[in-house]
There are 2 protein chains.
Amino acid sequence: MTTQQISYFLALADELHYWQTSYKLNITQSALSRQIKALEEELNIELFTRSSRKVELTSAGSFLQKQWKPLLEKIYSTVDYAKKINKGEGGTIVINHPGSIAYDVIPDLLTRVSHSYPNVKVELVQVKGAEELELIKNFRGDVIYSRHLYETDFLESKQVNTDNLSLVLPEKHVIRKEADIVRKVLQQQRFILPNLQPNDSYSETILRFFKSYKTTPEVCFVSDFGSTILSLVQGGLGISIMPHSFSHTHHPGVRFLPIPFSISLYAYWRKEEENALVRNIVQFI
Amino acid sequence: MTTQQISYFLALADELHYWQTSYKLNITQSALSRQIKALEEELNIELFTRSSRKVELTSAGSFLQKQWKPLLEKIYSTVDYAKKINKGEGGTIVINHPGSIAYDVIPDLLTRVSHSYPNVKVELVQVKGAEELELIKNFRGDVIYSRHLYETDFLESKQVNTDNLSLVLPEKHVIRKEADIVRKVLQQQRFILPNLQPNDSYSETILRFFKSYKTTPEVCFVSDFGSTILSLVQGGLGISIMPHSFSHTHHPGVRFLPIPFSISLYAYWRKEEENALVRNIVQFI
DNA sequence: TTTGATTGATGTGTTTTGTGCATTAATCAA
DNA sequence: TTGATTAATGCACAAAACACATCAATCAAA
């Protein structure tokens, strides 16, 4: 059983067509046909039922398709990570973070990293929700900053900071101070907010704010990119809610008015990390 | 990359000795040496540092050893399970259960199973704690009876029953009725109990019983086998606490005195089970 | 220092396996 | 009935894997 055979199998299980699959895999139909047959014979399992016109997965084949797809991905990702370990300190580390900390926490960290490890390449990615956990589980990411509090047994974590939320307003907006924030005024506003998702602490905190005024926001634009939101607010297209730390960007024509809601930021990394570089960089968090 | 190469690698990573490893794998030292080298070249990772006298894992090699061991095991276990699915209804299903239900729940289930599926082979196993979950995750077990309440997203569950605990006493023991159970008497007793483990509901319930009398048991014998415990109690070597359903065994010379503590029994099986036989048998639970 | 034993690497020839090309047999649609 | 499509297969060749034998490096004992 080879990883090649497994990926051939997965490809055919997707396409259910020998010629088409073999074309995509850059091999001949004959080679594919034989490899599948070899796999079936080695495992002593019928994977496909095939007539000269139709290819279908057997139930055992369908089971293996579902099981092997993530397994093969995991094998490859461990290999990639082992390569990184093998190369040593000149390697790359992958940091996932919410856009909102791109202006303070991340530059801070990167400054320290590049000072101590000038040759290290840092890759920044922004995924969210369940995908962040997949990222660090599959060794595709090394450090994760998240607003969400995870309780797992394979990660170590540290609370990095707690940040106030602020209303983000155009310079000349009618809301001037906290006392101006009342139900009636909020209901007249149009909001530019990030994608609000269930089970996401950040989203939930924002919703708690509106709930405290017994209202729901009228959302006119949705964006997950801080700078986009700031520009839209500046253009008078609506108001927003963002972590107060965004005010450090000094975006012109925009005011930040703190509200009594705050969100925490956590950093996560793998327990018993094998990559010495990652272990060292975690020290800087 | 072949599964064979991976298992060669894992074997060598354990032994750190080419000749010894090749002997265990029933191949020549030359074949092993070349396969490892081929793997290293394909992945472009140094797995071992070797002189003509010493073999050692590199840090990348050590990482892959830890990662690949469970992955390879999972690949094999999925294959085994696919074979079962492939064979269909004449297959085997594996049921894990605590010994305490061997006298009522299990025979009940087996009667119904063998009536409807006379050709099905049922394998009964008894593991406990975290191993139960591994069993069903790796497709090495199909149905699990457990006293423990698991909250997972890949299992379905059903509460099967709730069973009273009983003090198990020799026929002529001084404790005759519930009112006789007092702190002073309990402290004089020697107990025969199963292995009490943290995070195990059954153990915790037993400990709650003693706590309610502000005492801790003096344990003289430890056994996880119900019939052993019963015989020891009968022999006057101590008293015990067991699920009341054990009284159905009608072990002579032993009395069961119910106490107001109960434990629930849950059955678990995989969500979206692929094996039709298992799906059918779950109906009987 | 010398010698012998041990260990991993490697050269060689043979066997096994994988692949492409061409062809065949089965099926479907016109 | 005919032509097109599709998976299987015979064949030849190339690549890979293997056992055997040998080599070079290392270590321990004499």
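In what follows, chains carry the letters A, B, and so on, assigned in the order in which the sequence lines appear, proteins first and then strands, with residues in each chain numbered from 1.
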With distance as the sole criterion, is a donor-acceptor pair present between the side chains of B:N138 and B:Y81 under 3.5 Å?
no
Within the structure, does a side-chain N or O atom of B:S51 lie under 4.0 Å from either OP1 or OP2 of D:dA25?
no
Please tell me which of the listed nucleotides, C:dG20, D:dT6, C:dT7, lies nearest to the side chain of A:A31?
C:dG20
Per A:T28 side chain, nearest of listed nucleotides C:dC21, D:dA17, D:dA7
C:dC21
Interatomic distance, A:K54 NZ vs D:dT6 P [rounded to whole Å]:
13 Å
Side-chain-base donor-acceptor pair under 3.5 Å for A:S30 and C:dC21:
yes
Among D:dA8, D:dC20, C:dA9, which nucleotide sits nearest the side chain of B:R34?
D:dC20
In whole angstrom, what separates A:E40's CD from D:dA7's C1'?
12 Å
Separation of D:dC20 atom P from B:I27 atom CD1, nearest Å, is 13 Å
At under 4.0 Å between heavy atoms, what does B:Q29 touch on the DNA or RNA strands: base, sugar-phosphate, or nothing?
base
Residue whose nearest DNA chain C nucleotide is more 5′ - B:S33 or A:N26
B:S33
By the 4.0 Å heavy-atom rule, please label B:K37 as base, sugar-phosphate, or nothing.
sugar-phosphate
Euclidean distance, atom OH of residue B:Y23 to atom C1' of D:dA19 [Å, nearest integer]:
17 Å
Checking side-chain polar atoms at under 3.5 Å, does A:N96 have a donor or acceptor matched by the opposite partner on A:E131?
no
Are any of the side-chain heavy atoms of A:Q159 and A:L265 separated by less than 4.5 Å?
no
Would you say the side chain of A:V282 lies within less than 4.5 Å of the side chain of A:E273, judging by non-hydrogen atoms?
no
Whether the B:Y150 and B:E132 side chains hold a donor-acceptor pair (N or O, under 3.5 Å, no angle test) is what I'd like checked.
yes
Distance in angstrom units between B:E56 CD and C:dT7 P, rounded
16 Å
Please report the distance, rounded to the nearest Å, between CD1 in B:I36 and P in C:dA9.
10 Å
Please report, rounded to the nearest Å, how far the C1' atom of C:dG18 is from the CD atom of A:Q4.
9 Å
Does OP1 or OP2 of C:dA9 have a side-chain N or O of B:R50 closer than 4.0 Å?
yes
For A:E42 and C:dT17, give me the distance from atom CD to atom P, rounded to whole Å.
10 Å
Among C:dG8, D:dC18, D:dA8, the nucleotide that comes nearest once only the side chain of B:Q35 is considered
D:dC18
